[in-house]
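As structure tokens, the structure follows; a few thoughts come after it.
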Amino acid sequence: MEKTYQPEQIETRWYERWEADNRFAPSGQGTPFSIMIPPPNVTGSLHMGHAFQDTIMDTLTRWKRMQGNNTLWQVGTDHAGIATQMLVERKVAAEEGKSRHDLGREAFIDKVWEWKEESGGHITRQLRRMGASVDWSRERFTMDNGFYKAVQEVFVRLYDEGLIYRGKRLVNWDPKFETAISDLEVENKEVDGHMWHFKYPLAGGESYEYIEKDADGNITFRENRDYISIATTRPETMLGDGAVAVNPADDRYAALIGKLCEIPVGPKEHRRLIPIIADEYPDPDFGSGAVKITGAHDFNDYEVAKRNGIPLYNLMDRKAHMRNDGLSYEESAALAAKAAKGEDIGNVDEVNLVPTELRGLDRLDARRQIVEVVTAEGLAVTAADAEGNEQPLVEHKKLMQPFGDRSGVVIEPYLTDQWFVAVETLAKPAIEAVENGDIQFVPKNYENMYFAWMRDLQDWCISRQLWWGHRIPAWYDAEGNIYVARSEQEAREKNGLAADVTLTQDEDVLDTWFSSGLWTFGTLGWPEQTPELETFHPSSVLVTGFDIIFFWVARMIMMTLKFTGEVPFKQVYVHGLVRDGQGQKMSKSKGNVLDPIDLIDGIELDTLIEKRTGNMMQPQKAKAIAKATRDDFKDGIEPHGTDALRFTFLSQATTGRDIKFDMSRLDGYRNFCNKLWNASRYVLMNADGEDCGVNGEQVELSLADRWIISQLQKTEAQVTKAMDEYRFDHASQALYEFIWNEYCDWYLELSKPVLWDENASAASKRGTRRTLVRVLEAILRLAHPMMPFISEEIWQRIAPLAGTHAGDNDSVMVQPWPEADQSKVDEQTTRDIEWLKGVIIAVRNIRAEMNIAPGKPLDVLLTKGKPEDAERLEKNRLFLAKLAKLESVTWLENPDDAPLSATQLVGDMEVLVPMADLIDKDTELARLNKEIEKQDKLIGGIEKKLGNEGFIAKAPEAVVEKERGKLAEFQAAKKLLEEQRAKIEAL
RNA sequence: AGGACCAUAGCUCAGUUGGUUAGAGCGCCACGUUGACAUCGUGGAGGUCGGCGGUUCAAAUCCGCCUGGUCCUACCA
């Protein structure tokens with residue numbers, strides 16, 4: 001074996017071997033256990049979140065597999081509609097200078113598939129680097145034919161049941177991608193904005209007395225007005241106003257309800273009049289209390305408009321430019337005027353209220369012009385500035401503005417025909433499944449988040465105006481009648497349409513999440529009733545981030561219950577986000593992204609900087625990012641190996657909260673791998689080719705042997721319990737603790753005196769070798785789900801010595817998970833070893849405090865102990881001498897015979913290192929005083945407790961007894977320390 | 001505005017149903033290389049558990065309020 005652990009030499013090799021040996025497929029034996037991977041985007045590359053999540057899933061999967069379950073980890077990728085289309089569009093533009101429209105739909109889709117075949121496997125290759133034991137033979141892609149069949153089936157059935165409908169609704173519109181998006185794909189961000197205040201003059205020059213009152217009804221302001229004051233952050237929408245609404249309880253405007261006012265924009269001769277209506281929506285205490293209603297461009301206004309029969313005038317096109325189609329402004333304004341008077345003008349689609357000079361402008365340019373014109377006309381509300389001059393009132397304020405999470409552009413509410421899922425009836429059973437425990441969230445508090453969202457569900461807009469995705473299985477005839485079916489042919493048959501009736505398929509595709517919602521059962525062959533579906537559905541656990549509960553988890557629950565009558569998974573393990581060392585979200589624009597592969601393989605500083613600053617949206621940040629990177633990673637990143645990275649994730653995986661990724665812990669766990677490596681090296685050096693008792697030869701087990709076996713049982717139980725509870729931090733901690741602090745620090749050291757003792761019996765040497773090997777072999781099995789590579793590499797060498805290796809094709813992957821054997825837990829042995837460790841530490845302590853060289857042989861006396869201490873000394877003389885580097889150890893019956901010594905306590909017993917000539921009186925006195933003080937404090941605390949009548953009366957007897965015991969112990973210790981102090985003082 | 005989560009050593013975090021001498025890793029200080037490992041070993045320093053109040057015989061732990069932080073949802077023209 002190499003002297004240090006070299007992960008790069010073993011990881012890829014083992015992964016290829018496992019895959020070639022078909023180790024990842026279900027065994028076909030045992031209780032089914034299945035996990036469906038949250039499908040990563042096919043365009044994606046592995047980020048820290050994936051790496052974290054995959055580590056957890058793989059750890060669970062390997063663990064369950066070793067426990068003998070019929071284990072399936074189902075893998076696949078998601079076609080990621082917008083992201084993929086965007087990527088291929090860019091590629092085609094760069095390579096051929098063509099847009100997707102130049103190519104046409106079919107040719108473009110071909111390009112996407114080409115791209116997918118070439119580059120779509122990037123993330124799955126990276127998944128292999130993480131050691132993920134997914135069943136590659138069952139890999140699925142959401143655009144696969146089989147999966148498409150499931151998607152179509154679901155669509156058709158929901159439509160037939162009336163749960164999918166098409167309608168004109170206000171939706172979130174992404175003007176960059178020219179598609180509808182769901183509200184979950186919208187990110188609300190705070191931006192600096194303006195709020196303008198404009199005067200809407202009353203029709204016919206009417207005026208009224210505007211009166212403001214305070215809370216007590218006293219008049220605080222009155223003036224004569226011939227307008228109503230309106231505020232807006234989007235002046236361009238004024239063009240599409242259909243009404244001004246005031247609250248019916250607002251006295252200021254009560255007299256105006258039913259009257260008309262004028263929108264202060266557009267050609268003077270065609271100024272539009274709109275009604276002033278009463279609605280509960282306006283808040284009298286906010287702004288002027290009057291709200292302009294633009295039903296086609298604002299979600300709140302849309303509701304008001306619907307309630308009051310106000311027309312919805314669309315002002316923009318798909319690019320969010322001001323419309324340049326439909327009727328002329330004059331014709332449109334005339335129609336709108338009729339509508340304002342309450343006349344029915346029918347379909348308003350052709351009505352284009354954008355004045356000629358604004359048509360075709362971007363909405364923001366239109367906004368500027370409108371503000372200018374209205375202000376010039378004197379219809380801006382004014383306020384006095386610092387010098388007392390009246391100025392147009394423009395408030396600078398923070399606005400929450402919607403942005404597309406992929407496009408980054410401002411999202412517009414936009415009126416279009418879209419397909420929707422009516423979610424109400426689907427939501428009910430989905431809520432119940434969580435309420436009644438069929439699905440459990442871990443940690444449980446995420447259930448509240450789920451309920452909160454499910455209780456307030458909007459119909460889900462599932463159509464997207466994209467080319468890449470599952471095309472909607474709906475056809476239209478010339479009259480616009482809709483026929484939904486699994487194919488054009490079925491549409492004809494179902495509806496008795498003649499062959500000469502022309503049908504055209506809907507152009508739109510489905511939201512990617514619509515197909516992802518079918519993931520758990522769609523991947524198992526549904527709608528066919530396959531054996532896989534029977535065996536592995538519902539899946540056992542879903543591992544996912546909380547940010548995706550709405551997008552995906554909730555929808556999976558709804559869809560799966562609807563179509564299979566089963567829950568998609570029994571448990572949902574929700575993990576936190578992986579953040580950088582400072583707790584910042586990792587993002588390209590912040591330049592703080594870590595690539596898991598770089599942590600595994602290492603990366604030069606310059607390459608890392610190049611990676612972080614290359615191809616940036618905001619190049620001006622490059623310098624700061626380069627500096628920050630230089631500060632954080634002076635020498636780049638060293639290679640750590642996959643196992644160390646996995647172990648780091650696991651150790652930081654506490655209950656559901658975000659993790660700050662800690663590089664120093666990554667270093668620490670790489671060292672841990674090295675520790676395990678070297679411990680194994682030691683074992684091999686001492687056991688390979690030696691008699692390890694594989695054939696059941698007689699052995700003699702030392703105290704240390706029995707102790708480490710006992711500790712192993714406890715560790716096995718701890719790790720198993722922690723895994724059961726998804727406490728990967730506890731599981732990894734227990735393993736770390738055992739390997740480093742027990743097996744390496746103590747047991748390996750304790751094995752040396754036996755193995756190196758020429759006088760030791762063959763049976764005792766054999767016993768120690770057997771224990772060394774067997775315990776290590778168990779450790780490797782225990783470690784395997786967390787650290788698959790190093791455990792396999794070492795296991796292959798160790799297992800033959802332990803007699804558990806079944807030949808060339810064997811693997812630790814398929815070994816049984818270690819189960820604790822309670823009969824091997826030996827508390828007496830544990831106490832004995834604790835005693836031994838206590839004495840050794842006491843001697844080391846004295847050495848450190850007295851400045852005695854670690855290697856200098858010492859003569860040590862033990863005294864004042866109980867008879868069992870003397871016995872322990874006799875049994876452990878060899879160990880003691882070796883580990884504490886002692887020349888001799890003597891049991892002193894009469895403490896009065898003790899020479900002047902440095903002392904330490906082990907229980908009641910005193911450890912003495914005679915050093916008459918060496919002792920530093922002052923140092924030793926100071927130390928003793930400090931010790932005594934400490935005991936005093938402890939004693940004081942307990943005496944206070946025991947002096948409390950309430951405590952004696954009410955606390956459980958066992959607790960009181962325990963306190964009494966402690967008191968006695970501390971008092972005895974103090975007494976010994978005082979005696980020692982007296983001796984030193986007497987010098 | 002509503003809700004969730006968090007606050008424990010210089011840093012990253014554990015701390016089960018209240019009873020521990022409040023722990024780990026990293027970092028820090030001192031010492032140490034003869035054979036598993038300097039990616040190491042040995043010893044050590046370092047915390048009034050964010051603040052205030054309450055419940056209790058007993059609070060890092062349960063309850064309330066406050067402060068600070070993170071996030072989600074809704075946002076008001």
Side-chain angles (χ1 to χ4, degrees), chain A residues 1 3-5 188 195 197 230-234 237 244-245 281-283 285-294 298 300-301 304 399-400 443 445-446 448-449 452-453 456 546-547 549-550 576-577 579 581 583 585 638 640 644 648 651-652 654-686 721 725 727 729-730 733 736-737 740-741 744-745 748-749 752 841 844-849 851 853-855 934-935 937-938 941-942 945 948-956 958-960 962-963 966 970:
Chain A
M1 282 174 92
K3 198 175 166 186
T4 53
Y5 174 55
N188 290 305
M195 188 150 81
H197 298 258
I230 299 292
T232 181
T233 55
R234 296 188 296 157
T237 63
V244 167
Y281 167 61
D283 174 2
D285 296 327
F286 185 83
S288 71
V291 183
K292 68 193 221 37
I293 301 300
T294 321
D298 181 282
N300 291 313
D301 292 5
V304 178
L399 300 176
M400 288 301 272
N445 49 301
Y446 284 102
N448 292 328
M449 191 168 162
W453 191 67
D456 184 33
F546 67 90
D547 51 331
I549 288 179
F550 304 147
L577 240 53
R579 297 167 174 279
K585 229 180 207 173
E638 288 184 350
H640 292 87
T648 308
S651 71
Q652 290 198 269
T654 65
T655 48
R657 70 180 195 177
D658 287 356
I659 64 175
K660 287 188 211 177
F661 189 80
D662 188 352
M663 283 297 293
S664 68
R665 287 183 74 159
L666 180 62
D667 291 339
Y669 293 126
R670 182 202 47 185
N671 296 352
F672 174 58
C673 289
N674 188 61
K675 190 75 180 176
L676 176 58
W677 184 262
N678 272 290
S680 309
R681 228 159 68 87
Y682 167 82
V683 172
L684 280 172
M685 288 167 76
N686 287 285
K721 178 168 182 285
E725 295 166 347
R727 286 306 302 263
D729 58 330
H730 288 170
Q733 171 76 14
Y736 183 100
E737 182 94 22
W740 202 309
N741 301 336
C744 291
D745 281 354
L748 293 192
E749 295 309 317
K752 289 172 185 175
I841 288 168
R844 285 176 183 167
N845 242 309
I846 290 169
R847 280 184 194 272
E849 269 159 18
N851 272 319
K934 191 176 146 193
Q935 298 298 324
K937 244 172 127 179
L938 292 170
I942 292 175
K945 259 191 199 176
N948 183 338
E949 280 176 34
F951 178 69
I952 303 294
K954 295 190 180 174
V959 174
V960 178
K962 195 173 160 196
E963 290 301 319
K966 283 196 303 198
F970 298 146

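Every chain is numbered from 1 and lettered A, B, ... according to where its sequence line falls, protein lines coming before strand lines.
In this structure, B:rU33 makes no Watson-Crick or G-U wobble pair, since no nucleotide meets both defining distances under 3.5 angstrom. Across all strands shown, B:rA38 remains unpaired; no Watson-Crick or G-U wobble contact has both distances below 3.5 Å. Judged by Watson-Crick or G-U wobble contacts below 3.5 Å, the nucleotide B:rG46 has no partner. Across all strands shown, B:rU17 remains unpaired; no Watson-Crick or G-U wobble contact has both distances below 3.5 Å. Across all strands shown, B:rA24 forms a Watson-Crick or G-U wobble pair, both distances under 3.5 Å, with B:rU12. Base pairing analysis places B:rA1 opposite B:rU73; the two distances defining the Watson-Crick or G-U wobble pair are each below 3.5 Å. Look at B:rC62: its Watson-Crick or wobble partner, with both distances under 3.5 angstrom, is B:rG54. Nucleotide B:rA7 has B:rU67 as its partner under the Watson-Crick or G-U criteria, with both atom distances under 3.5 Å.
Among the atoms of the strands shown, only primed sugar atoms or phosphate atoms (P, OP1, OP2) are found under 4.0 Å from some heavy atom of A:N948. Using a 4.0 Å heavy-atom cutoff across all strands shown, A:K660 reaches sugar-phosphate atoms only and no base atom. Contacts of A:M449 with the nucleic acid, taken as non-hydrogen atoms under 4.0 Å apart, are absent. As judged by a 4.0 angstrom heavy-atom cut-off over every strand, A:R234 is placed among residues making no nucleic acid contact. Counting non-hydrogen atoms under 4.0 angstrom, A:T233 reaches the backbone sugars and phosphates but no base. Across all strands, A:Y736 comes closer than 4.0 Å only to sugar-phosphate atoms, never to a base (heavy-atom distances). Heavy atoms of A:L748 sit under 4.0 angstrom from at least one base atom. In this structure, A:T232 reaches the sugar-phosphate backbone alone: every heavy-atom distance under 4.0 Å involves primed, P, OP1 or OP2 atoms, never a base. A:E949 comes within 4.0 angstrom of no nucleic acid atom, judged by non-hydrogen atoms across all strands. Nucleic acid contact for A:C673: none, since no nucleic acid atom lies under 4.0 Å from a heavy atom of the residue. In this structure, A:R670 reaches the bases: a heavy-atom distance under 4.0 Å links it to at least one base atom across the strands shown. A:N300 comes within 4.0 angstrom of the backbone, heavy atoms only, and of no base. A:K937 comes within contact range of no nucleotide atom at all, as no heavy-atom separation falls under 4.0 Å.
Going from atom NZ of A:K292 over to atom OG1 of A:T237 covers 3.0 Å, rounded to the nearest 0.5 Å. Distance check: A:N741 CG to A:Y736 OH gives 7.0 Å after rounding to the nearest 0.5 Å. Interatomic distance, NZ of A:K934 versus CZ of A:F970, reported as 9.0 Å (0.5 Å rounding). Here OG1 of A:T4 is found 7.5 Å from CG of A:N678. Values are rounded to the nearest 0.5 Å.
Set against B:rC37, B:rA14, B:rA77, the side chain of A:R681 has B:rC37 as its closest nucleotide. Taking only side-chain atoms of A:F951, from C-beta outward, the nucleotide of B:rG32, B:rC57, B:rA4 with the closest atom is B:rC57. The side chain of A:A955 sits closest to B:rC57 out of B:rC57, B:rU21, B:rG35. Side-chain proximity of A:P854 to the nucleotides B:rC31, B:rA77, B:rG43 is greatest for B:rC31.
Atom name C1', nucleotides B:rA60 and B:rU21: the rounded distance is 15 Å, in whole Å. Comparing B:rU56 with B:rC62, their C1' atoms are spaced 10 Å from each other, to the whole Å. Across B:rG2 and B:rC65, the matching P atoms stand 12 Å from one another, rounded to whole Å. A gap of 12 Å separates the C1' atoms of B:rG23 and B:rC49, to the nearest Å. Look at the C1' atom in both B:rU8 and B:rU55: the space between them is 23 Å, to the nearest Å. For B:rA59 and B:rG18, the C1' atoms lie 6 Å apart once the distance is rounded to whole Å. Comparing the C1' positions of B:rG15 and B:rC57 gives a spacing of 23 Å, expressed to the nearest Å. Taking the C1' atom of each, B:rA22 and B:rU16 are spaced 15 Å apart, rounded to whole Å.
Figure legend: cation-pi geometry between A:K752 and A:Y682, with NZ or CZ positioned under 6.0 Å from the six-membered ring centre and within 45° of its axis.
Computed from coordinates, the A:F672 CZ to B:rU12 P distance equals 23 Å when rounded to whole Å. Between A:F546 atom CZ and B:rU73 atom C1' the separation is 13 Å, expressed in whole Å. The distance between atom CG of A:L666 and atom C1' of B:rG25, rounded to the nearest whole Å, is 13 Å. Between A:Q733 atom CD and B:rA14 atom C1' the separation is 7 Å, expressed in whole Å.
Between A:R665 and B:rC26, a side-chain N or O to OP1/OP2 separation shorter than 4.0 Å is absent. Listed pair A:N845 / B:rG44 meets the phosphate criterion, a side-chain N or O lying under 4.0 Å from OP1 or OP2. In this structure, A:K675 reaches the B:rG41 phosphate: one of its side-chain N or O atoms is under 4.0 Å from OP1 or OP2.
In this pair, A:W740 and A:F672 present their aromatic rings parallel. The plane angle is below 30°, not in the 30 to 60° band.
Side-chain atoms of A:Q652 do not come within 3.5 Å of backbone N or O of A:F661 as any donor-acceptor pair. Looking at A:D658, its side chain does come within 3.5 Å of a backbone N or O of A:L577 through a donor-acceptor pair.
Taking 3.5 Å as the limit, the base of B:rA36 and the side chain of A:E749 contain a donor-acceptor pair of atoms between them.
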